[in-house]
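Here the structure is laid out as structure tokens; the discussion comes afterwards.
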2 protein chains.
Amino acid sequence: MLSQIAPSDDLVFFRPHQFLARENERPEALYEILEGWACRHRLLSDGRRQITALYLPGDHCDAIWPLSDVCRDAVVTLTNVRAVRRPLGDIHTLDRPKGMGAQLAESIERQSGWLVSLGRKTAVERLAHLLLELFERMRRAGLAYGQQCALPLTQTDIADATGLTAVHVNRTLQSMRAKGVLEFHSKWLRIPDLGALRDLAALGPHDQV
Amino acid sequence: MLSQIAPSDDLVFFRPHQFLARENERPEALYEILEGWACRHRLLSDGRRQITALYLPGDHCDAIWPLSDVCRDAVVTLTNVRAVRRPLGDIHTLDRPKGMGAQLAESIERQSGWLVSLGRKTAVERLAHLLLELFERMRRAGLAYGQQCALPLTQTDIADATGLTAVHVNRTLQSMRAKGVLEFHSKWLRIPDLGALRDLAALGPHDQV
DNA sequence: GACGTTTGAAAACATATGTGAATCCGAGTT
DNA sequence: AACTCGGATTCACATATGTTTTCAAACGTC
């Protein structure tokens, strides 16, 4: 799973809310997350915030960089993070880490899915979609246990990812809990019935999460 | 501007609402639009529709394909379209059309901008953002005349791109017209004051449109 | 173990945007 | 000129979601 380590690579640690990249600066390194979560986001001048991607263990922050000269979005850790740091010069000139092309494609497709979610889905559908996606990604990373996984996001983070307010995320999660389609407390998610949640997410039969 | 034409390339024509690619099928060709507009979109089972990208003259539909085996989104023409068709086999094995890497990067960044728009912006901000973006792209393609350009979208198309309803798009455009920040009728857009519209769009100083 | 800070929960209220239906208008077509 | 037909417009009304505030529980830190 982990890409090969080159001599110039470094094992690095971050605390929550540290920047891996700042808006409108040239990215100088690519990080492969080993442990912890991070996100890509943009801020509007009045403080409104939209998370544009979430990074879980195994993900590259940001796979898109090798294509671009300047970061449009900032990348920030959400938890403690342990990662491999690869200077970007190498990325441009040398081989890319294995599997990064696939990860780039996945990340782009996921972004389309988020566009549909933010543009056309209700609060319940957005939350079902996001939580399902995160659970599936954790499962593929080998970090799910049965129907449960860690989910170290605050309700504010979830709101900023789904385009809702924290208050409404709280309301909606409550009602979903009441209906028994999910359990979520102290950063731990349990999905009793994957199929039921999938229906709530308004996903097509072919939609990858 | 136009990429080089190879022997296997074809000049092709489409009428409005024809498919360049269908959901969940393998794309077999890449199209470079010479004239006309197209879009990428997804449909939910109940008919809700979200446009995930717009293609103007000079754009490749879809620059993302070479990365991916299956189309997640359908690509549909919005007007009459004249395009160059390039079989995708060539794309994978041969050189990519010049400038496509840059176009891919641009397209990905634009998608982040749309996420912010759909997730966090008001109707006025979304419309200002979209119209500004389209005007700028038309200008860069050499298709703007002074402060005007063609904009062959219906209000329903605009609604499906901005995540609003057609009725609300209409309402909001009216109010913007009344304020004098734009003129838009019979598929023709005029922006008297770029700066004013940019302010309305809630774009940061560095945001590319 | 006490403190301050962050997060989750709740309630009352405000509003931007959606819904459904009718009408109007302009461009083609016969 | 009379007919269509898709799109634009308008209206009255509904509601999902946002706003503001308050409080309590959980958490990290010294």
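Residue numbering restarts at 1 for every chain, and letters A, B, ... go by the order of the sequence lines.
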When the distance from [atom1] of [X] to [atom2] of [N] is rounded to whole Å, what number comes out?
X	N	atom1	atom2	answer
Ile158(B)	dT9(D)	CD1	C1'	14 Å
Arg126(B)	dT17(C)	CZ	P	7 Å
Asp160(A)	dG18(D)	CG	C1'	14 Å
Lys187(A)	dT7(C)	NZ	P	6 Å
His185(A)	dA25(D)	NE2	C1'	15 Å
Asp46(A)	dT19(D)	CG	C1'	14 Å
Trp188(A)	dA26(D)	CH2	P	19 Å
Leu78(B)	dG6(D)	CG	P	17 Å

Think [X] has a side-chain N or O under 4.0 angstrom from the OP1 or OP2 of [N]?
X	N	answer
Asn170(A)	dG8(C)	no
Arg177(A)	dG8(C)	no
Gln155(A)	dA9(C)	yes

Exercise. By nearest nucleotide on DNA chain C, pick out whichever of Thr156(A) and Ala123(B) is the more 5' one.
Key: Thr156(A)

Practice problem: By nearest nucleotide on DNA chain D, pick out whichever of Thr154(B) and Arg171(B) is the more 5' one. | Solution: Thr154(B)

Self-check item: Of His168(A) and Ser186(A), the one whose closest DNA chain D nucleotide lies more 5'
Solution: His168(A)

Quiz prompt | Smallest separation among heavy atoms of Arg22(A) and Cys71(A), with atom names | solution = O-CB, 3.6 Å

Quiz item: Of all the choices, dA11(C), dA21(C), dT17(C), which nucleotide is nearest to the side chain of Val167(A) once you look at every atom?
Solution: dA11(C)

Exercise. For the side chain of Arg15(A), starting at C-beta, report the closest nucleotide among dT17(C), dT29(D), dT9(D).
Key: dT29(D)

Self-check item: Salt bridge Asp10(A)-Arg86(A), side-chain N to carboxylate O under 4.0 Å
Solution: no

Exercise. Indicate, with a heavy-atom threshold strictly under 4.0 Å, whether Thr122(B) touches base, sugar-phosphate, or nothing.
Key: sugar-phosphate

Quiz item: What about Tyr31(A) and Phe14(A), are their ring centers closer than 6.0 Å?
Solution: yes

Quiz item: Among pairs that include at least one residue of residues 177-187 of chain A, which meet side-chain hydrogen bond (donor to acceptor under 3.5 Å, both in side chains), considering only residues two or more places apart or in two chains?
Solution: Glu183(A)-Arg190(A)

Self-check item: Geometric class of the Tyr145(A)/Trp188(A) ring pair [parallel <30°, tilted 30-60°, perpendicular >60°]
Solution: parallel

